[in-house]
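All of these numbers come straight from a predicted model, not from anything done at the bench. Atoms within a ligand are numbered from 1 in the order they appear, just like the ligands themselves.
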Amino acid sequence: MNKQLQADKRKQEKALVIGAGIAGLLAARVLSGHFAEVMVVEKDELPEKPSTRPGTPQDFHPHRVLPRGDLIMNRLFPGYIDDLLNLGACNVQNSKMTRFTAYGKLELVSSQKNASSSRALLEWAIRQRVQKIPNIRFVTKQVVTGLLASEDHRQVVGVRLHARKERNKERTVAAHLVVDTCGRQSKLNKWLEALGYAVPEPERLKVRFGYSTRHYRVPAHLTEKLSASSEGDPANNKGAVGLLYIEDNIAQALLFRAGGKQYPPTAPEEYEKELYSLSTPMLKELIKELEPIGAPRGFRAEESTRQHYEQMENWPSGLLVLGDAFCNFDPIYGQGMTVAAIEAEMLDISLQKGDLLQPDFERKVLQRMQQAIEPAWWLSAIADLRWNGVEHVGAIPLKGVAFAQKYFDLYLKTAVKQAMENHDLSMFQQYVMMNALVLSPQEIINQRTLTTLLTGDESREETQLLAELGEHDATHLQERINELIPSFTLAFDQKVPSLFSADSHH
Ligand SMILES: Cc1cc2nc3c(=O)[nH]c(=O)nc-3n(C[C@H](O)[C@H](O)[C@H](O)COP(=O)(O)OP(=O)(O)OC[C@H]3O[C@@H](n4cnc5c(N)ncnc54)[C@H](O)[C@@H]3O)c2cc1C
C-alpha cells in the first residue's frame, strides 16, 4: 500500500487515550489530527468547573509550565494563555520574581505574556479546548483495567474497562492505537506482564521527596504580586520554599525537601514555623500579610521513575505511553507537564512524517521521546543527587554527575556575580533557559564558557571543578567535556530549534 493510501486508512481508525490528565489532553489533541476518532477514557468524573479531583492528587500543589512547554502548548492550543487570563489566572507579565540562590538574590521581571494559575485551572482551560475538537470524545467514570491484545499478543487492539461503581461488569473497547497516560498510577507494567511481556527494570532515582503546600488569600491592598523562591541547601539539609500567585487572589506557598530524612510538616502550626524559618526577610514580611485558607497538604514520593520500554524489541504494535506513566520527575523543577508536551510533540512529528506506516512505529516513537527527554532526566537527577539519601539505580550509571554539579556551582556563582555587579543577566538567563529545557546543557557546559569560568582565583568552586575535570589538555577541553557529559544532540535536533526562533527572553 502506498503512503497516501495507508495514511487515508488511518484516518478511518480510532485511537484511545487512557487518562484525561495533562498528558492525555495533549495526546488527544495530537491524535485528533491523524485518526478519525479519539476516545479519552477517564476514571474520574470531570468537574464542571475548574477544581481539584481525586485522580490527580498533585493538583493542590503549585504547577508552572516551563518556557519549552509553553511554546509547545501554544502551538497545540494557540492563545491558551489568553484563555487562562480570561478565566482569572494571575497575569505575571512584568511582575517581579525574586530568586534567592546560594550566591545571592536576583530580581527578575518576566517580560513575556504569561499566566500563573492553579493546576486545576490550567487543566480546565486545556480541556475546554480539547472538548471542542469534533472527533474527540470523553468517556468518564470508567476505569481501565487491562489491555486487549491480538491472539498472538503482538498487537494491542483495545482495552478492558468497567464503570467506576461496577467492578464486576467488565467490558472491552476496541481501538487501533491505545495510549497510556495514567500518570504515576499507571499499571502498564502489570498489564504488559499479564500479556506475557518481560518489562525491563526502569531507571529509578530514589529521591524520597516531600512537598507541603498551603493556600493563602492575598489582601486587596497587596496589588504588586511578588513571587519568590529560595533554593534549598542540600548540603545543610535545608529545604526549599516558594510563593506564587494563582487565580482568585490566592497565593500558594510550598515547602520542599528531598532525601527522605525529614519531610516538610503538614500540621498548620509547624508549617507556619518552618515556612517562617526558611523564608528570607522579604518573604517573611509578605507572608505576614497573607491569610491561610485551610490546612497545608503534603505530597510524598519515594522515587522518580524512567521506564525503558524502547528497549523491548517485541514492544507490541498499537500501544504507546506518555507523560508521568513513561517518565516522572521530582516536581520541584517543574518539568513534568513540559516533558509531556515534548513527548506529545515527538509523537506529532512522527505522525506528520507518516512514520505510523512503519512496522516498528510505536517503538521508534518511544525511542524518539526517550532521546528528547534525556536533558530533563539528567538535569533533575544532577540536582537531586546533591541531597543526602538520594541515589540513582539504573543499568547504566548517570554520566557526569559530580562534574556537572561542580560546573553548575561555578557557573551559577559567576552568573549571579555578573548580574549583581554588572547588571548583566545574560549568563543567568542561559542557565534558566537550560533548566526550562529550551537550551541544551551543552550550551552551558562547553570549552568556551569553561575557559571564561576558570579565572585562577582558587575559590572553593573553581578548585573543586578543576579536581573533577582531572588531567586535561587546555587546548582540548571540549574533548574532555565530551567524555564527561552526555552530548544531548538528539534531544535538540531538527524541528525543535525552529520552535525557538521566537524571543525566549525570560
Ligand atoms: C507536588 C507536585 C507538583 C508538581 N508541580 C509541577 C510543576 O510545577 N510543573 C510541571 O510541569 N509538573 C509538575 N508536576 C508534575 C505533573 O503533575 C505531572 O507531570 C503531570 O500531571 C503529568 O500528567 P499525566 O497526564 O501524565 O498524569 P496525571 O496528570 O496524573 O493524569 C493521569 C490521569 O489518568 C487517570 N487515570 C489513572 N488511572 C486510570 C485508569 N486505570 N483508568 C482511567 N483513568 C485513569 C487519572 O484519573 C488522571 O486523570 C508536579 C507533580 C507533583 C506531584
Sub-3.5 Å pairs, protein N or O with ligand 1 N or O:
from, atom 1, to, atom 2, distance (Å)
ligand 1, 5 (N), Pro62, O, 3.2
ligand 1, 8 (O), Arg64, N, 2.9
ligand 1, 9 (N), Arg64, O, 2.8
ligand 1, 11 (O), Gly334, O, 3.3
ligand 1, 11 (O), Gly336, N, 3.4
ligand 1, 11 (O), Met337, N, 2.7
ligand 1, 14 (N), His63, NE2, 3.3
ligand 1, 17 (O), Gln58, NE2, 3.2
ligand 1, 17 (O), His63, NE2, 2.8
ligand 1, 17 (O), Arg119, NH1, 3.3
ligand 1, 19 (O), Asp324, OD1, 2.7
ligand 1, 19 (O), Asp324, OD2, 3.4
ligand 1, 21 (O), Gln58, NE2, 3.1
ligand 1, 21 (O), Arg119, NH1, 2.5
ligand 1, 25 (O), Ile22, N, 3.3
ligand 1, 25 (O), Ala23, N, 2.9
ligand 1, 26 (O), Asp324, N, 2.9
ligand 1, 29 (O), Arg119, NH2, 2.8
ligand 1, 30 (O), Gln58, NE2, 3.1
ligand 1, 41 (N), Val144, O, 3.0
ligand 1, 42 (N), Val144, N, 3.0
ligand 1, 44 (N), Lys43, N, 3.2
ligand 1, 47 (O), Glu42, OE2, 2.6
ligand 1, 49 (O), Glu42, OE1, 2.6
ligand 1, 49 (O), Glu42, OE2, 3.3
ligand 1, 49 (O), Arg53, NH1, 2.8
ligand 1, 49 (O), Arg53, NH2, 2.9

Check: Hey, are Glu42 and Arg53 close enough for a salt bridge, meaning a charged N less than 4.0 Å from a carboxylate O?
Finding: yes
Next item on the list: Identify whether the distance between the nearest side-chain nitrogen and carboxylate oxygen of Glu274 and Arg257 falls below 4.0 Å.
Entry: yes
Checklist line | Residue list, ring-ring contact (aromatic ring centres under 6.0 Å, His included) with Trp124, at least two apart or on another chain | finding: none
Next item on the list: Check whether NZ of the Lys or CZ of the Arg Arg129 lies under 6.0 Å from the centre of the six-membered ring of Phe77 and within 45 degrees of that ring's axis.
Entry: no
Item checked: Parallel, tilted or perpendicular, as decided by the 30° and 60° cut-offs, for the rings of Trp315 and Tyr309 -> tilted
Check: With no hydrogens and no angle check, is any side-chain donor or acceptor of Gln371 less than 3.5 Å from a backbone partner on Leu490?
Finding: no
